[in-house]
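Heads up, the thing below is written out as structure tokens.
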Amino acid sequence: MPRESKAARTARAAEILTRLKAEYPDAHCELDHENAYQLLAATILSAQCTDARVNLVTPALFRRYPDPAALAAASPADVEELIRSTGFFRNKAKSLIGMAQALVADHGGEVPRTMEALRPIPGVGRKTANVILGNAFGINEGITVDTHVKRLAGLLRLTRESDPEKVERDLMPLFPQEDWALLSHLLIWHGRRTCIANRPRCGECVVAELCPSRREA
DNA sequence: ATCCCGAGGG
DNA sequence: CCCTCTGGAT
């Protein structure tokens, strides 16, 4: 079994991107938000939780805490109650309040626009920082690698790594930088609708011919 | 490597 | 019962 050449993998990646763009012309971030602060809070809540469930709790959360200053002064118990159904609610409440306090203390109540400034904020790892940069500010500094992106990138053999940061480094040279944020949404949409974990619908998959992992239904 | 944690699907 | 859902901190 000869390993696929770099040129062949690059060409395959380009075709995958083309087909997914055609299949999901409306792919976008499905976390409801009106500004960077709301997206940051919603993304923190999205850990190990569906977007749909996050969207169930954020309206009340944002009504009670409309800005970082309000959330920075919140009581943990109150925030915990509002976000309980998203899971990990104690950690997430602590992160949300800590995040708001950091915005107020270090960034004039605004969400910063660089990876270096975002990463030290409580609850913000590289994945969350990439979501904010790419979707709130249109800055494609990296690629958001979540559970779907990681799973599909592996199945499509665009990487053999499992560490998200290594997956990200493998993906970056395979796709145009201006498409990085869109790429994540396309893989996430495809992962939810067709390449479902534990039940991939290879018979309905538009990139099945490009996928080394495809199976007969 | 392990913990945090709830909800839904199969 | 199992797995999965846009992870991060220790």
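What you see below is based on every heavy atom in this structure, not just the backbone, and it leaves out hydrogens, waters and symmetry mates. We name chains A, B, ... by the order of the sequence lines, and we start the count at 1 in each one.
- The existence of a salt bridge linking A/E161 and A/R169 is excluded, since no basic side-chain nitrogen approaches an acidic carboxylate oxygen closer than 4.0 Å.
- With a 4.5 Å cut-off on side-chain heavy atoms, A/K94 and A/E80 do not count as touching.
- Using a 4.5 Å cut-off on side-chain heavy atoms (C-beta onward), A/R201 and A/C195 make no contact.
- Between A/I44 and A/L40, some side-chain heavy-atom pair lies under the 4.5 Å cut-off.
- The nearest whole Å value for the distance from the CG atom in A/D163 to the P atom in C/dG7 is 15 Å.
- Ion pairing between A/D170 and A/R160 fails under the 4.0 Å rule for side-chain N and carboxylate O.
- Of the charged side-chain nitrogens involved, none lies within less than 4.0 Å of a carboxylate oxygen, so that A/K127 and A/E168 do not count as a salt-bridged pair.
- Note: CZ (A/R126) to P (C/dA9) measures 14 Å, nearest angstrom.
- Using a 4.0 Å heavy-atom distance criterion, A/V124 is classed as a sugar-phosphate-only contact.
- There is no side-chain donor-acceptor pair under 3.5 Å between A/H28 and A/N135.
- In this structure, the NZ atom of A/K150 is 14 Å from the C1' atom of C/dC5, given to the nearest Å.
- A 4.5 Å side-chain heavy-atom check between A/W180 and A/N130 finds every atom pair outside the cut-off.
- To the nearest angstrom, P of C/dA9 lies 13 Å from NZ of A/K92.
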- Task: Apply side-chain contact (heavy atoms from CB on, under 4.5 Å) to the pair A/M115 and A/L133, showing each step before the final yes or no.
- Result: CA-CA 8 Å; A/M115 177 67 69; A/L133 291 172; 4.1 Å; yes
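- Taking atom CZ of residue A/R90 and atom C1' of nucleotide C/dT10, one finds them 17 Å apart after rounding to whole Å.
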Atom pairs under 3.5 Å: protein N/O with N/O of nucleotides 2-4 of chain C:
| unit_1 | atom_1 | unit_2 | atom_2 | d |
| --- | --- | --- | --- | --- |
| C/dC3 | O3' | A/N198 | ND2 | 2.9 |

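- Base pairing in DNA chain B gives the following stems of 3 or more Watson-Crick or G-U pairs, range against range and under 3.5 Å: B:1-4 with C:7-10, B:6-10 with C:1-5.
- With rounding to whole Å, A/M99 atom CE is found 16 Å from C/dA9 atom C1'.
- Contact annotation: A/Q48 does not reach the phosphate of C/dC5 (side-chain N/O to OP1 or OP2, under 4.0 Å).
- In this structure, A/H148 has its ring center at least 6.0 angstrom away from the ring center of A/W189.
- As rounded to whole Å, 18 Å separates atom P of C/dC5 from atom CG of A/L45.
- Using a 4.5 Å cut-off between side-chain heavy atoms of Ile, Leu, Val, Met, Phe, Trp and Tyr, with links allowed through other members, A/I121 and A/V104 fall into different hydrophobic clusters.
- Between A/L186 and the choices A/R19, A/E23, A/K21, the side-chain contact (heavy atoms from CB on, under 4.5 Å) rule is met once, by A/K21.
- Of the two residues contacting DNA chain C, namely A/R119 and A/C49, the nearest-nucleotide position lying further toward the 5' end is that of A/C49.
- The nucleotide range of DNA chain B contacted by chain A, defined by atoms under 4.0 angstrom from heavy atoms of the protein and reported 5' to 3', is B/dC4 to B/dG10.
- A/T86 comes within 4.0 angstrom of nothing in the nucleic acid, heavy atoms only.
- DNA chain C is contacted by both A/I188 and A/S95; A/I188 maps to the nucleotide lying nearer its 5′ end (nearest heavy atom per residue).
- Nucleotide C/dG7 holds its P atom 15 Å from the CG atom of A/L40, rounded to whole Å.
- Across B/dC5 and C/dT10, the matching P atoms stand 14 Å from one another, rounded to whole Å.
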